[in-house]
Trainee: 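Pasting a structure here, questions to come.
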Amino acid sequence: MAARGFLKIAPGRRVALNGIEWTVEDVHGQLGQLSLVDDDGHAETRSFRWLINHADLRILPTVEASGRPSPVARQPRTLADLTKDQLDRARLRAAHVLEAETGFREGHPARALPGEPRPAYNPDRTTLTQRRYAKAAEMEAMPRPEAVRCGLQHLSYRTLVRLSGLAGDSLLLACADGRWTRRRSGHRCITEEVREAIFAVKAECGPRARLSLAARHRLMHQYMRERFPTFPTKKIPSRWTFADVWEEWFGPGGARPRYGRTAEAAAEAGVSGRVVVHRPGQVLVLDSTPMPVKLRETVFGDAITATLTLALDLYTHGLPAFRLTLQSETSVDIAMLLRDVMLPLPMREGWGENMEWPYAGVPAEVIAEFTGHRVAALPFFAPETVTTDHGSPYKNHDLVEAEGEIGCRILPARVLRQTDKFAVERQFLTIQTMLFEHLLGFTGGDVADRGADPERDASLTLAQAEHIIATWIVQIWQNRKLGEYAPSWAPGEGHSPNTLFAAAMEQGGFDLDFPEPSFYYKVLRKHHVKIHPRRGVKILGLWYHHPVLDEPRFQQPSARGGKHTRQWVVRSDRRDRRQVFFQDDADHETWHVLRWRGLPPEGEVPAFSDKTAGALLAHVKANNIRIHSESELLEHLLRILGSVTPVDQWPSQAMKKAGKKRRVAKAREITRAQAAAADRPAAPAPADEQVPAEMPVAWAEHARTIDRAVDADRRRRREEALADAKPIAPATLHEALKRRPMFRLPPPDSSEADTAVREDAT
């Protein structure tokens with residue numbers, strides 16, 4: 001049997017014995033046995049020696065060897081795929097690699113730990129080769145249990161050479177064990193009965209008080225015993241398996257009750273009071289409030305209330321960025337606000353030279369060369385710590401991930417502690433007294449202080465208000481002398497936010513680090529989905545497609561392992577649900593725009609957000625509408641966007657007859673879609689990936705756009721229905737008379753025949 005070479009017998013392998021095909025079901029390595037099952041379900045247990053020395057053994061080809069290509073390309077792994085323990089172990093391995101390369105575990109002499117460099121790794125007395133051999137000898141001498149626990153038993157000289165060219169996150173990913181993120185096979189012990197019991201326990205725990213994991217596990221045992229008395233008790237999952245399944249299906253569930261900790265408990269715990277900042281960008285405070293000025297939306301001309309979101313630098317008390325949104329802000333708006341903090345503000349029309357970048361340390365020409373445009377006198381930097389309140393947009397996991405993408409820490413304000421955000425709260429009152437009070441449509445700080453009719457006085461649009469606020473910040477506030485917020489190290493000097501920033505830059509330098517254009521896609525909401533061979537991807541109930549998904553490399557499951565195994569990552573902007581974005585796994589730089597399959601090929605559909613998409617799906621479900629294709633959803637969507645009348649009866653002024661709440665909601669969706677289009681990278685996309693045009697300003701043009709979209713969709717469906725049908729010429733009058741004489745009386749019961757004759761004659 002030496003001619004057979006090495007045989008790889010693993011579960012799932014197919015073999016043939018005496019003309020009968022068997023499948024290796026299980027392998028017992030310690031016993032030297034394996035289980036074989038034929039196609040009829042007959043099982044046998046044999047030893048390795050019997051199988052290898054069988055005279056008629058034939059190894060059948062696997063699926064990969066029969067011609068099916070294995071997926072090679074995969075979306076890149078990230079550190080987010082690792083658990084905290086795995087990340088700590090990877091960092092420990094990377095520290096040993098850096099010590100062998102540089103002599104210091106942190107990779108640089110400026111960050112040397114106590115006792116570094118050690119004599120065997122002193123870069124002044126040893127060579128790189130000597131340090132690598134010393135590290136390999138140290139790993140070999142390490143106790144076996146400790147080396148296995150840290151994963152250092154295979155850190156040899158050749159491994160150190162292979163990892164020498166990596167640094168940062170690339171080194172951490174290379175030091176992470178690939179088995180940590182391999183594909184998972186699921187939990188085989190979760191049967192249909194167990195699944196039903198788990199969901200029943202989940203429904204029962206909802207109205208109850210907080211239950212421990214052990215209590216939930218006992219409830220599952222009780223449900224299985226009463227509903228499925230014949231189910232074997234030993235096959236019920238253990239508490240640890242139950243915990244893993246519960247976390248995978250329903251999340252960790254670590255939220256505390258709302259009344260968990262009060263301000264008094266925080267004071268008793270010894271939490272420190274204020275944070276002392278020493279440089280710009282160290283602490284960035286975010287907060288939102290309704291703007292006390294009524295604005296005029298440009299779609300229907302109604303008076304609306306906007307939300308003002310400010311980003312305040314706690315060191316200089318400058319305002320590096322702000323956002324105006326209709327009604328309420330979302331997590332995407334907050335993420336785009338953080339991006340605006342890192343980007344220089346371009347000069348606008350009407351701004352003079354006194355509003356241009358003035359700092360001597362970094363000339364305006366250098367900044368303009370990096371950005372490609374003239375830059376206004378507004379500081380920009382990468383925030384280190386972000387302080388927010390406990391509003392839902394700030395606690396959203398998408399925003400938390402965006403803040404992690406930027407590299408800043410999150411420091412939520414304590415409950416009932418106004419001092420954590422006192423500066424930005426005071427800033428809203430400052431803007432009100434210095435700017436908003438002088439604008440038409442000002443509502444005052446209280447209902448009793450409101451004018452007779454502020455809605456009638458509203459004259460500014462959202463764009464005009466945004467321009468006025470930006471001009472006030474750059475021209476007035478950034479150059480205004482600070483009073484009580486003056487720095488303690490210069491009590492007699494008059495400093496403004498701009499001069500404080502300039503002084504800090506002269507002391508610590510300036511880092512020209514701009515976010516990449518793809519940063520917009522990285523902060524969007526992620527969806528882990530599978531690609532359907534014909535329909536594309538399904539995101540929140542809607543199907544999206546692009547011709548690139550029809551390529552063979554996307555017809556197979558993703559090679560991603562870990563928590564989201566065999567799934568692709570697609571990102572969506574909740575402000576505009578007409579398209580989603582997919583990162584190509586070939587170069588990881590190309591982003592494809594996947595359009596909703598319900599969009600017509602000619603003409604465009606008005607923008608709609610998550611709220612409208614949810615209303616559309618709820619309408620379809622409530623009316624029990626059977627949808628065979630995404631294009632059939634278009635008519636229902638346009639009906640929700642336009643009015644409650646049928647599509648054929650849509651007049652050009654239908655939306656004007658609707659209530660103000662509906663008009664404001666529509667104007668908000670249009671404005672959010674325009675903001676999403678402005679936030680996307682300005683690089684031109686290919687012809688087949690152009691983003692749909694935004695909504696026209698006039699509602700009459702909007703009605704005509706809807707009519708064209710509906711006509712195009714009906715024309716397309718009519719052409720598809722008649723594509724395979726052959727035209728039949730109508731019968732002539734002579735042929736109809738030849739089939740049946742005109743003067744012959746029909747039989748008594750010949751209504752169907754008369755109908756056929758009349759149809760032929762017609």
Side-chain angles (χ1 to χ4, degrees), residues 11-12 25-26 41 80-87 179-260 392 395-398 400-401 525-532 537-543 557-570 572 610 614 617-618 620-622 624:
E25 185 180 20
D26 198 2
D81 295 328
L82 305 178
T83 63
K84 184 179 182 302
D85 179 67
Q86 294 170 351
L87 187 59
R179 293 173 294 182
W180 295 343
T181 55
R182 64 184 179 184
R183 297 176 180 175
R184 300 188 57 190
S185 58
H187 301 278
R188 299 181 179 180
C189 61
I190 304 300
T191 61
E192 292 296 331
E193 296 83 359
V194 175
R195 177 185 177 87
E196 179 182 343
I198 293 177
F199 276 95
V201 172
K202 174 63 177 178
E204 181 65 20
C205 293
R208 288 194 183 187
R210 184 179 179 88
L211 299 178
S212 63
L213 178 65
R216 294 195 293 264
H217 187 252
R218 297 188 192 101
L219 289 178
M220 185 189 69
H221 270 271
Q222 178 185 358
Y223 188 92
M224 294 293 297
R225 181 177 181 179
E226 296 181 5
R227 293 299 178 88
F228 307 103
T230 59
F231 193 89
T233 306
K234 62 179 181 180
K235 292 187 177 181
I236 298 178
S238 64
R239 191 171 69 176
W240 311 118
T241 304
F242 174 79
D244 294 340
V245 174
W246 189 279
E247 184 175 359
E248 291 177 6
W249 290 2
F250 312 116
R256 308 290 298 179
R258 295 185 60 180
Y259 52 86
S392 57
K395 295 191 299 183
N396 191 286
H397 63 279
D398 295 328
V400 174
E401 186 174 352
R525 183 179 181 181
K526 291 194 302 184
H527 306 272
H528 297 85
V529 296
K530 295 182 179 180
I531 298 178
H532 193 275
V537 296
K538 189 175 184 180
I539 305 297
L540 299 178
L542 299 180
W543 287 92
S558 170
R560 174 181 293 274
K563 185 166 51 177
H564 305 290
T565 177
R566 308 185 68 177
Q567 293 180 340
W568 301 92
V569 177
V570 180
S572 66
D610 271 354
L617 298 177
V620 171
K621 182 178 180 181
N624 197 18

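Because only heavy atoms are used, hydrogens play no part in the values below, and waters and symmetry mates are left out as well, while side chains stay in.
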Trainee: Taking the six-membered ring for Trp, are the ring centroids of F199 and Y223 within less than 6.0 Å of each other?
Mentor: no
Trainee: Quick one: OG1 on T83 to NZ on K563, what's the gap to the nearest 0.5 Å?
Mentor: 10.0 Å
Trainee: Under the side-chain contact (heavy atoms from CB on, under 4.5 Å) test, which residues partner H527, sequence neighbours left out?
Mentor: R525, V529, I539, L540, S572
Trainee: Could you list the residues that satisfy side chain to side chain donor-acceptor pair (under 3.5 Å) with E193, not counting sequence neighbours?
Mentor: T191
Trainee: Report yes if some heavy atom in the side chain of V569 is under 4.5 Å from a heavy atom in the side chain of H528; otherwise report no.
Mentor: yes
Trainee: Do side-chain atoms of S558 reach the backbone of Q567 as a donor and acceptor pair under 3.5 angstrom?
Mentor: yes
Trainee: Tell me, please, which residues at least two apart from E247 pass salt bridge (charged side-chain N to carboxylate O under 4.0 Å, His left out).
Mentor: none
Trainee: With rounding to the nearest 0.5 angstrom, report the CG to CD distance, L219 to Q222.
Mentor: 6.0 Å
Trainee: Write down the atom of W246, the atom of I198, and the distance for their closest heavy-atom approach.
Mentor: CZ3-O, 4.1 Å
Trainee: Which atoms form the tightest heavy-atom contact between C189 and V194, and what is the distance?
Mentor: O-CG2, 4.0 Å
Trainee: Which value, rounded to the nearest 0.5 Å, describes the distance between E196 atom CD and M224 atom CE?
Mentor: 8.5 Å
Trainee: Would you give me the side-chain donor-acceptor pairs under 3.5 Å for residues 232-242, sequence neighbours excluded?
Mentor:
residue: S238; atom: OG; partner: T241; partner atom: N; Å: 3.4
residue: S238; atom: OG; partner: T241; partner atom: OG1; Å: 3.2

Trainee: How long is the span from the CZ atom in R195 to the CD1 atom in I190, to the nearest 0.5 Å?
Mentor: 9.5 Å
Trainee: Test of understanding: with ring-ring contact (aromatic ring centres under 6.0 Å, His included), list the residues that count as partners of H221, not counting sequence neighbours.
Mentor: H217
Trainee: Under the salt bridge (charged side-chain N to carboxylate O under 4.0 Å, His left out) test, which residues partner K530, sequence neighbours left out?
Mentor: none
Trainee: Using only atom types and a distance under 3.5 Å, with no angle test, would you say the side chain of R560 pairs donor to acceptor with the backbone of W568?
Mentor: no
